[in-house]
Q: 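Let me begin by handing over the structure; questions about it come next.
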Amino acid sequence: MLRISADKLDALFGAVSAKQKLYIPADRADGEAAFTEYAPGMKLTSRLNTVRSAKDFFFPQTENLVEFKLEGKKIEINDIREECDDFVIFGVRACDARSFTILDKVYLSDPVDTFYKNRRDHGTVVTLACDRPAETCFCQTFGIDPTAPEGDCSVWRAEEYYYFKAITAKGQVFIDSAASLLEEGNAAELDSAVAKTKAVLEKLPLANVSTKNFGGDKLNEYFNSDKWGELSESCLGCGTCTFVCPTCQCYDIRDFDTGNGIKRYRCWDSCMYSDFTKMAHGNPRLTQLERFRQRFMHKLVYFPANNNGEFGCVGCGRCLSKCPISMNIVKVMKALEDK
Amino acid sequence: MNNDTLIPYVGVVTDIRIDTPDVKTFRVEAPEGGKVFEHMPGQCAMLSIPGVGEAMFSITSSPTNKDFMEFSIKKCGCLTEWLHAMEVGQMITLRGPYGNAFPVETELKGKDLLFIAGGIGLAPLRSVINYVRDKRENYGKIQVIYGSRSKDDLVDYKEIIDDWMADDGVEVDLTIDNAQEGWDGHVGFVPNYVKELNPSTNKTVLVCGPPIMIKFTLAGLKDLGFTETQVYTTMELRMKCGVGKCGRCNIGNKYVCKDGPVFRFDQLGELPDEY
Amino acid sequence: MQKAMIERAKQLLADGTVKRVIGWKRGEFAYDITPAVFETAEELDRDFVFDDFTAANVSKYLVKESRKEGRVLAFLKPCDTYSLNQLTKEHRVDRGNIYVIGVPGGPKLDIEKIKGKGITGILGVKNENYTLKIDTLYGEETMPFYEAVLDKCASCKSKKHVTYDELMGDDGDILESNRFDMVEKLENMTSQERYDFWRSELSKCIRCNACRNVCPACTCENCVFDNPKSGVSNKAAADSFEENMFHIIRAFHVAGRCTDCGECSRVCPQHIPLHLLNRKFIKDINALYGEYQAGADTESRAPLNNYTADDCEASIVHERGVE
Amino acid sequence: MQVNDNKDFQPLIVAFCCNWCSYAGADLSGTNRLNYPTNVKIIRVPCSCRVNPMFILRAFQRGADGVILCGCHPGDCHYTSGNYFTRRRMTLLFSMLDFLGIERDRTRVEWVSAAEGAKFAATMNEFTEAVRKLGPNRRLEDLRCRKQ
Amino acid sequence: MQRIGVFVCHCGTNIAATVDVKTVAETLGHEPGVVISQDYQYMCSESGQNLVKNAIKEHNLTGVVICSCSPRMHENTFRKAAAAAGLNPYLVEIANIREQCSWIHKDIATATEKAIILGRAAVAKVHLNAPLTAGESPVVKRALVIGGGIAGIQTALDIAEAGFDVDIVEKNPTIGGKMAQIDKTFPTLDCAACILTPKMVEASQNEHITIHSFSEVAEVKGFVGNFQVKIKKKARFVDETKCTGCGLCTEKCPMKKVPNEFNMGLDNRTAIYIPFAQAVPKVATIDPNYCMMLKNGKCGVCSKVCSVGAIDYKQQDRFIEEKYGAIVVATGFNPIKLDKYDEFAYNQCPDVVTSLELERLMNAAGPNGGTLLRPSDKTHPHTIVFVQCVGSRCDDSKGKPYCSKICCMYTAKHAMLIREKYPDTEVYVFYIDVRTPGKNFDEFYRRAVEQYNVHYIKGMVGKVTPKSDGKIDVQASDLLANEQLHINADMVVLAAAIEPDKTARPLATMLTTQMDTNDFFTEAHPKLRPVESATAGIFLSGACQGPKDIPETVAQASAAAAKAIGLLCKNSITCNPCVAHSDELMCNGCSSCEKVCPYGAITYIDKEFRMPDRTTKVRRVASVNPAVCQGCGACTVACPSGAMDLNGFSNSQIMAEVDAICK
């Protein structure tokens with residue numbers, strides 16, 4: 001297996017970023033990590049994961065869709081789409097890598113969202129296997145192996161080396177772009193590192209969270225559960241969980257009048273927001289209970305119902321650590337199961 | 001790059017018909033003439049005035065109309081108010097068609113059809129009614145039961161009187177909620193009128209109207225011996241994308257914009273009660 | 001304390017004084033506490049928690065809870081009582097329908113600060129003589145208690161309960177706090193430096209609205225930013241301007257009403273020091289219009305709803321500071 | 001600070017004037033043919049206290065380079081106390097803008113009575129010049145609204 | 001869709017000379033919603049208005065934008081025109097392209113561009129205008145006159161004559177004001193007291209007039225047609241209703257060394273006093289600063305001698321509240337203090353006096369019984385020097401920038417009277433200009449020079465120095481002869497500038513009227529509305545608005561009365577419909593708006609709301625009383641939720657204007 005010593009990672013980043021834009025999770029001044037465009041000297045973060053998920057690269061928080069010019073009764077439509085440049089995201093964790101599969105199911109299904117596809121086509125996802133999972137991690141619940149992340153190319157760290165394995169052609173291009181820096185290495189060292197991580201995985205406090213009681217067939221059972229009132233009681237109705245979530249994909253389309261034309265843009269929206277489903281003549285989700293229920297039903301029931309049992313959650317644990325009131329999908333799952 | 005469904009087309013309003021005090025029917029053509037896109041009866045389109053808003057409307061003209069599309073729109077919010085203020089020649093943007101359609105070429109084919117509509121609920125059904133009128137040979141008897149608050153609130157009144165009623169094999173039963181001068185037709189709510197008319201249960205039913213009307217009509221139909229699998233309706237919820245991605249118009253796992261708006265009542269019954 | 005609180009709550013439930021209890025409920029881990037309403041003794045015994053992590057200010061929930069049938073018992077820390085007073089003053093709560101038990105304040109802990117030390121896989125946190133013993137998947141870690149204290153507690157303004165029906169533990173005093181130090185530091189920077197500082201902070205904003213939705217002063221029936229008719233509604237920080245706009249207007253709308261409870265910064269998933277904006281207003285108000293503490297009472301006029309004929313002119317902004 | 005007079009820069013100045021004093025003052029300055037730059041565009045409001053901070057930010061968003069608010073002299077408000085509230089609100093708002101690093105010379109409050117046509121013109125000349133020196137508003141603009 | 005008409009006025013060449021009106025009309029014609037855009041010579045003319053009216057009808061307009069002069073000028077004209085054509089008058093907006101564009105700019109290109117932008121802002125605003133209907137509020141049929149000088153008296157008499165009740169509030173113990181202190185009046189030289197006192201008596205006897213002497217306005221609330229005024233009746237320690245004005249108490253009062261302000265402090269009065277013989281009301285007043293009984297409880301003479309028991313040492317200030325439909329301000333003037341004019345030795349030498357002091361010195365009721373004697377040694381002065389413009393037309397901070405207007409004439413009067421009565425006295429007048437515009441004024445002045453040989457010298461007095469021999473050295477320059485002069489004078493008379501009374505400034509604040517920088521009240525329009533303040537229902541009478549002589553004062557007083565009567569005649573007045581309103585669905589009931597409302601127009605109600613989920617919820621919400629709201633908009637900014645908005649100046653309208661300007 002190809003590898004590079006940790007102290008040469010800089011050189012690899014340099015080589016890759018010379019050809020295309022490279023983003024790596026780096027430390028921010030406030031101690032959190034964020035995917036940042038690589039610049040020489042930038043170090044890979046020691047934090048397990050970023051606050052914002054990697055979905056931003058394919059589904060940014062806001063993007064312009066189309067522009068209009070209005071004059072008198074005339075409307076002129078201006079398609080502003082442009083082919084996006086190739087880029088690499090390095091250091092995506094297994095959970096986020098899986099989230100792309102989930103987003104693909106939404107955005108690449110017919111009719112294809114060309115805005116998403118454009119970026120997906122041009123982005124190379126280089127994943128990094130986890131070696132120090134946190135207490136909030138529960139990706140295994142969704143069948144994700146954090147020691148064997150998906151993506152275009154997978155990377156493992158073992159001792160002082162990073163090991164590389166291409167999964168797709170794009171991944172191979174990535175490896176090739178730094179081929180001169182890589183050397184053939186001993187996979188045994190890697191195996192023992194992976195084994196060590198697997199041992200930790202078993203001990204994770206959320207290792208026992210299971211999806212066995214969830215899925216598309218539980219629709220009416222859980223929809224009508226009497227637990228929602230209690231669970232949603234303290235929900236602030238903010239969008240934190242939604243916006244840090246790697247799989248939340250809801251959006252709003254809005255027009256902005258610049259004074260010189262109309263820019264139609266889409267931006268993340270949250271089903272937790274009170275105006276999400278508001279219409280001129282009513283709102284089918286009137287209280288936070290319904291909105292709260294929607295978010296979790298979507299991930300645990302509706303999504304699997306529409307996608308062959310696949311859940312709309314990857315167990316990254318972001319909502320567990322970021323919810324202002326610490327209400328989250330794990331608590332919801334446990335409460336719903338507890339009949 | 002391929003076309004993206006979120007990028008709309010331009011359409012020109014070439015005719016505006018005032019149907020009722022709060023409903024107008026807009027004829028929309030492509031700037032170069034002809035239809036902006038093809039559709040099937042029951043499908044919807046996203047209409048927009050950039051800077052004002054975008055909303056989903058059912059296409060009220062029949063696909064058999066090869067020259068233009070029509071939208072019957074009731075004034076109820078910011079965008080519709082704007083649309084109502086339009087003059088002929090105004091451009092709008094539209095994208096679509098969205099959603100499924102009434103199964104005119106499958107389940108409905110060869111059947112006797114009963115259309116039940118209330119108020120602006122006639123809009124989506126009008127597309128089907130005119131479609132089956134134009135392809136008369138493919139369908140059995142047609143009955144339309146349509147009611148509104150008053151005579152003035154009956155949408156497409158002229159077309160109903162001049163065309164539909166004149167057709168062979170088409171029966172139209174009109175009703176209004178309260179008696180009114182100049183009205184010698186039936187007076188009473190639609191669900192009651194349906195019961196009174198006691199249509200034969202071999203008909204396939206297409207219902208559209210205010211939720212309360214649908215609820216009572218359905219109950220009435222059941223009393224008359226109809227089953228849920230015989231009855232279709234069309235839904236409306238907050239929509240943004242039109243293609244089941246933006247995440248707001250779902251009822252359970254079904255997206256109204258993509259899996260709907262046409263649902264058979266037995267399908268609807270399987271979904272949670274959140275609409 | 002927790003035990004005593006549970007006992008007292010059970011008494012008050014039992015004797016019919018209150019129908020519900022608002023407090024904190026334990027979570028999956030040592031630290032993920034959720035504000036919750038308890039209606040039975042069993043629930044209290046099972047889930048009620050009051051410890052180093054019960055930082056959440058539950059007073060905002062009283063807007064809704066106090067309008068429900070039956071009296072609600074609220075355990076309020078000193079800072080929370082200021083929020084409640086302010087809400088009472090603005091007629092947002094029915095104070096008569098709330099039974100307030102004042103409980104001692106912090107300092108409470110910030111799990112993010114512990115995680116910021118690189119400590120991960122946290123299974124338990126114990127405070128032993130102001131040293132935190134943290135049990136993790138990767139062994140035990142320790143850190144000084146005070147390094148993990150929430151920012152809002154580190155610059156606590158008051159240990160005094162300004163409203164309560166009953167007190168558990170001793171009441172404290174209004175403190176001399178260092179809460180304006182950072183504001184002052186920023187004031188002493190150049191305009192460009194301040195601009196750069198705020199740009200780097202506010203550009204992190206993901207407009208999740210957690211700051212607004214947690215804020216006990218933000219109880220509008222319909223926020224201007226959610227109301228399309230307001231002309232300023234926006235959902236995403238689509239432009240740097242909108243990031244500024246949202247936070248400036250939010251700070252302005254709570255100016256003179258903000259009690260400096262610090263919840264906005266506590267809940268920000270991006271660690272934006274939003275409280276600095278509010279503190280800037282508080283500092284200005286104190287300096288220009290006389291000391292004013294929102295929520296200290298329920299009668300006084302808010303500084304922005306008040307004036308004197310000899311107030312300073314706006315040009316004071318131009319006359320002071322560097323540059 | 002860099003010396004740059006931005007001589008050719010034509011700033012856009014939005015002036016909110018209260019109907020009773022400053023708008024009348026502006027009229028008087030016209031009646032007396034006292035020149036001030038065309039850069040200044042006046043919006044009439046009943047009282048300076050009608051000016052919501054949102055309007056000021058909106059102006060900056062849409063491309064204004066300076067915003068000035070004119071009202072009756074303190075104590076002379078047609079509505080008794082309006083300008084006193086204005087004074088507090090704007091002091092705090094301007095202080096906040098300054099705190100965020102927005103150039104403090106882009107905003108101003110000036111009291112101009114109905115009799116002070118000359119003061120109005122002088123104020124506008126001076127303010128326009130001050131904003132001209134600062135150059136285009138970049139720190140509080142909305143890039144989407146920037147004119148191509 | 002809106003159908004907006006734009007009408008661009010040339011205003012002759014006032015606009016058209018610097019703004020290309022055709023281009024403005026043409027460009028605005030392309031704005032969204034604009035269906036007709038025209039220009040015309042004079043839009044405010046009848047044919048111009050007809051143009052607008054016809055267009056409204058012909059094009060079925062939903063909004064009108066007039067690009068013309070200031071809305072302060074013709075907004076009402078065009079609103080009326082619109083109303084006449086069936087369009088709600090509040091669907092008219094004015095773009096001010098004259099005062100705020102063509103008159104201040106010179107370059108046609110930029111001025112035209114600006115005019116277009118102003119027009120565009122008005123179009124953007126009118127898109128969002130809503131038809132408004134003005135409510136009505138009743139008029140209280142009673143007027144208040146503040147100040148009991150000749151202006152106030154005349155106004156009160158005229159209003160009373162029309163049959164309306166009127167109250168005079170006078171801060172001094174008697175009405176009469178400055179005119180009561182004046183000896184003779186120019187240019188007729190008739191006796192001031194002879195023409196004033198009958199009016200004072202008439203006022204006191206008129207059944208419609210109530211005089212609140214020794215009283216001050218303490219608080220004013222309300223608005224046109226319905227002012228609520230709190231009047232402070234200062235304690236005079238004498239029961240007005242009992243005192244007969246017999247004067248025995250003033251004779252017996254042992255405290256006799258009180259400077260007599262009526263005689264400008266040139267002689268003394270007693271602690272209990274009646275200002276002068278013809279005072280109205282003729283009742284005594286105790287001066288608490290001097291009365292020994294009030295100061296240390298020892299005396300009580302007046303109480304003992306008063307046969308009707310009118311003395312009441314325990315009297316307190318009283319407050320009465322009254323409602324008025326109209327208020328007339330007649331607070332008058334005072335000569336300025338001359339403390340800063342050391343060069344004229346006013347404070348050092350008793351024989352340097354002001355003109356008003358000279359009036360008292362020459363008055364038969366004055367300190368010397370009408371004989372002109374030097375205050376210092378009571379000798380007859382042989383050389384008198386008059387110094388003009390002391391503090392008037394002054395460009396430094398010591399004086400006033402304006403001309404006090406009356407000095408030239410009263411000095412001519414003084415000079416003439418002195419020369420007439422004491423032909424042996426030489427009179428010198430140092431002047432900068434002699435201003436005599438007025439009926440018979442210049443003739444009067446020429447008589448002083450030609451007939452009475454008064455020495456008018458164009459020049460400045462540099463220094464006045466009292467000498468040890470009691471004479472006064474006046475050093476001056478003769479500008480025409482271009483030489484320095486020294487005059488050995490016996491008396492020097494300073495024509496001190498006049499200024500508004502000090503009580504005017506706080507009063508203006510209470511009345512929410514505007515003042516200029518000199519504290520004269522500002523009239524609503526300098527030419528067309530000279531006796532009205534900009535605040536509806538507040539009128540201006542006399543010198544409070546600017547320096548005036550007696551005939552002018554009386555003329556303005558009657559004019560103010562006419563305006564007040566015009567208002568009082570109405571049973572109700574149309575309210576301003578541009579008032580605040582609260583969207584109950586958004587209101588939080590937080591009370592912020594109530595706190596900033598200067599009129600108390602906002603109250604709170606508990607309102608029951610039907611929630612969409614069919615439950616009901618009771619919430620406290622704000623409610624604005626449109627009859628009381630004056631439309632300042634303070635509440636709209638205090639409201640964090642944006643529930644409070646202002647008709648005619650709504651958030652969205654102002655933002656639309658901002659957007660249009662910044663486009």
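This structure is a prediction, so every number in the text was calculated from the model and none was measured. Just so we're on the same page: letters track the sequence lines, and every chain starts at 1.
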Q: What residue among F94(D), F55(D), F127(D), F16(D) forms side-chain contact (heavy atoms from CB on, under 4.5 Å) with V67(D)?
A: F16(D)
Q: Any side-chain donor paired with an acceptor under 3.5 Å for N178(C) and S155(C)?
A: no
Q: Between L276(C), L277(C), L288(C), L202(C), which shows the greatest number of heavy-atom pairs under 4.5 Å with chain D?
A: L277(C)
Q: Does this structure show an ion pair linking R108(D) with E110(D), if we count only N-O contacts that are shorter than 4.0 Å?
A: yes
Q: Validate the cation-pi geometry between K157(C) and Y82(C): distance from NZ or CZ to the six-membered ring centre under 6.0 Å, angle to the ring axis within 45°.
A: yes
Q: Taking heavy atoms only and a threshold strictly under 4.5 Å, list by residue number the residues of residues 299-309 of chain C that touch chain D; give 'none' if the list is empty.
A: P303(C), L304(C), N305(C), N306(C), Y307(C), T308(C), A309(C)
Q: Checking N52(D) against chain C: side chain, backbone, both or neither under 4.5 Å from a heavy atom?
A: neither
Q: Is the closest side-chain donor-acceptor distance between T219(C) and K60(C) under 3.5 Å?
A: no
Q: Can you pull out the residues in residues 254-272 of chain C with any heavy atom less than 4.5 Å from chain D?
A: none
Q: Judged by modelled atom types alone, do E116(D) and W111(D) share a side-chain donor-acceptor pair under 3.5 Å?
A: no
Q: Is the shortest side-chain N to carboxylate O distance from K280(C) to E187(C) below 4.0 Å?
A: yes
Q: Please flag which part of E242(C) lies under 4.5 Å from any non-hydrogen atom of chain D: side chain, backbone, both or neither.
A: side chain
Q: Heavy atoms only, distances under 4.5 angstrom: which of A238(C), C312(C), S230(C), S315(C) has the most pairs with chain D? Name it, please.
A: C312(C)
Q: So what's closer than 4.5 Å to chain C heavy atoms on L97(D): side chain, backbone, both or neither?
A: side chain
Q: Would S191(C) and R139(D) count as having a side-chain donor-acceptor pair, cut-off 3.5 Å?
A: yes
Q: Distance only, no hydrogens: is a donor on one side chain within 3.5 Å (strictly under) of an acceptor on the other, for E129(D) and N125(D)?
A: no
Q: Does the side chain of V149(C) come within less than 4.5 Å of D110(C)'s, by heavy atoms?
A: no
Q: Is there side-chain contact between I249(C) and H253(C), with at least one heavy-atom pair below 4.5 Å?
A: yes
Q: Contact part of N244(C) toward chain D, heavy-atom cut-off under 4.5 Å: side chain, backbone, both or neither?
A: side chain
Q: Would you mind telling me which of L140(D), T86(D), L93(D) has the largest number of heavy-atom pairs within less than 4.5 Å of chain C?
A: L140(D)
Q: Which residue out of L92(D), L69(D), I102(D) racks up the most heavy-atom pairs below 4.5 Å with chain C?
A: L92(D)
Q: Taking side chain as everything from C-beta outward and backbone as N, CA, C, O, which of these in E141(D) sits under 4.5 Å from a heavy atom of chain C? Side chain, backbone, both or neither.
A: backbone
Q: Does the cation-pi check pass for R207(C) over F225(C), that is, NZ or CZ under 6.0 Å from the six-membered ring centre and within 45° of its axis?
A: yes
Q: I'd like to verify something: which residue of V232(C), D239(C), D196(C) has the highest number of heavy-atom pairs under 4.5 Å with chain D?
A: D239(C)
Q: Ignoring hydrogens and geometry beyond distance, is a side-chain donor-acceptor pair present between T163(C) and R95(C) at under 3.5 Å?
A: yes
Q: Given heavy-atom pairs under 4.5 angstrom as the criterion, report whether the side chain, backbone, both or neither of P74(D) touches chain C.
A: side chain
Q: With ring-ring contact (aromatic ring centres under 6.0 Å, His included) as the criterion, how do F120(D) and Y36(D) come out once you've worked through the C-alpha distance, each side chain's angles and the decisive distance to 0.1 Å?
A: CA-CA 9 Å; F120(D) 186 85; Y36(D) 57 87; 5.3 Å; yes
Q: What distance separates S113(D) OG from L28(D) CG, expressed to the nearest 0.5 Å?
A: 8.5 Å
Q: Hey, which of M90(D), R58(D), Q61(D) has the most heavy atom pairs under 4.5 Å with chain C?
A: Q61(D)
